[in-house]
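The next block holds one structure in the form of structure tokens; read it before the comments.
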Amino acid sequence: GAVVSQHPSRVICKSGTSVKIECRSLDFQATTMFWYRQFPKQSLMLMATSNEGSKATYEQGVEKDKFLINHASLTLSTLTVTSAHPEDSSFYICSAKGQLDQPQHFGDGTRLSIL
Amino acid sequence: EDQVTQSPEALRLQEGESSSLNCSYTVSGLRGLFWYRQDPGKGPEFLFTLYSAGEEKEKERLKATLTKKESFLHITAPKPEDSATYLCAVHGTGTASKLTFGTGTRLQVTL
């Protein structure tokens, strides 16, 4: 149980393109979803937290107009990187959790490469 | 502000050589301490949640323990397939649902 699916697993695109990443909880309802960014050999950096039907809460330093998050249902959240540039290249990982103190379960990440 | 420090940064073991990974934390009221395993190019995989000092959890060759200041992940007779980065994270009472992660311990188990 507690499976989180993230697509696509890898994206390579040109500078200026917008890229959408999907995160789905397959067998549970996710009251809260999280988006992280991870640099090589570093830990996860939380970008934003989203609750179903509410606006996402962004961490300090994360541009909300650059990283658009939509959490339209209890099983789906999307992250759109708008007008992506090479500095946005990174490994993006989503997670989802159910109620209260249940653990976060993670997707397998999306490797984004902007040329 | 919640803080998590993991040590060692990297650990190399021979197959069958038991050891422990350390996670020291400071948190304003612990709601849960979590251990995850992360393989290269993958998202973290949930292992354990510990809620209070003295609690222990086991899964195959792994055993996690918790005190008021630190947690240990004990690996007994490891196998090469246990090679991964092990991440520790805390959920404090003042941080809504957010986790604070440590930087991880990269474990390599050789034959």
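Letters go in sequence order (proteins before strands), and every chain restarts at 1.
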Return the CG to CG distance between B:L87 and A:L44, rounded to the nearest 0.5 Å.
6.5 Å

Using a plain distance cut of 3.5 Å, could you tabulate donor-acceptor pairs between chain A and chain B?
{"unit_1": "A:Q38", "atom_1": "OE1", "unit_2": "B:Q38", "atom_2": "NE2", "d": "2.9"}
{"unit_1": "A:Q38", "atom_1": "NE2", "unit_2": "B:Q38", "atom_2": "OE1", "d": "3.1"}
{"unit_1": "A:S43", "atom_1": "OG", "unit_2": "B:G102", "atom_2": "O", "d": "2.5"}
{"unit_1": "A:E59", "atom_1": "OE1", "unit_2": "B:K98", "atom_2": "NZ", "d": "3.0"}
{"unit_1": "A:E59", "atom_1": "OE2", "unit_2": "B:K98", "atom_2": "NZ", "d": "3.3"}
{"unit_1": "A:D101", "atom_1": "O", "unit_2": "B:Y51", "atom_2": "OH", "d": "3.3"}
{"unit_1": "A:D101", "atom_1": "OD1", "unit_2": "B:R31", "atom_2": "NE", "d": "3.2"}
{"unit_1": "A:D101", "atom_1": "OD1", "unit_2": "B:R31", "atom_2": "NH2", "d": "2.9"}
{"unit_1": "A:Q104", "atom_1": "N", "unit_2": "B:Y36", "atom_2": "OH", "d": "3.3"}
{"unit_1": "A:Q104", "atom_1": "O", "unit_2": "B:Y36", "atom_2": "OH", "d": "2.6"}
{"unit_1": "A:Q104", "atom_1": "NE2", "unit_2": "B:S97", "atom_2": "O", "d": "3.4"}

Find out if a path of hydrophobic residues (ILVMFWY) with successive side-chain heavy-atom gaps under 4.5 Å connects B:F34 to B:L107.
no

Hydrophobic cluster membership, with links at side-chain heavy-atom distances under 4.5 Å among I/L/V/M/F/W/Y: are A:F91 and A:V19 in one?
no

Check the hydrophobic clustering (I, L, V, M, F, W, Y; side-chain heavy atoms under 4.5 Å; chains of links allowed) and say if B:F48 and B:V4 are grouped together.
yes

Sorted by chain and number, sequence neighbours left out, side-chain hydrogen bond (donor to acceptor under 3.5 Å, both in side chains) with A:T80 holds for none

Cluster partners of A:V4, using ILVMFWY side-chain heavy atoms under 4.5 angstrom, listed by chain and number?
A:F28

Taken in chain and number order and not counting sequence neighbours, the residues that satisfy side-chain contact (heavy atoms from CB on, under 4.5 Å) with B:P40 are none

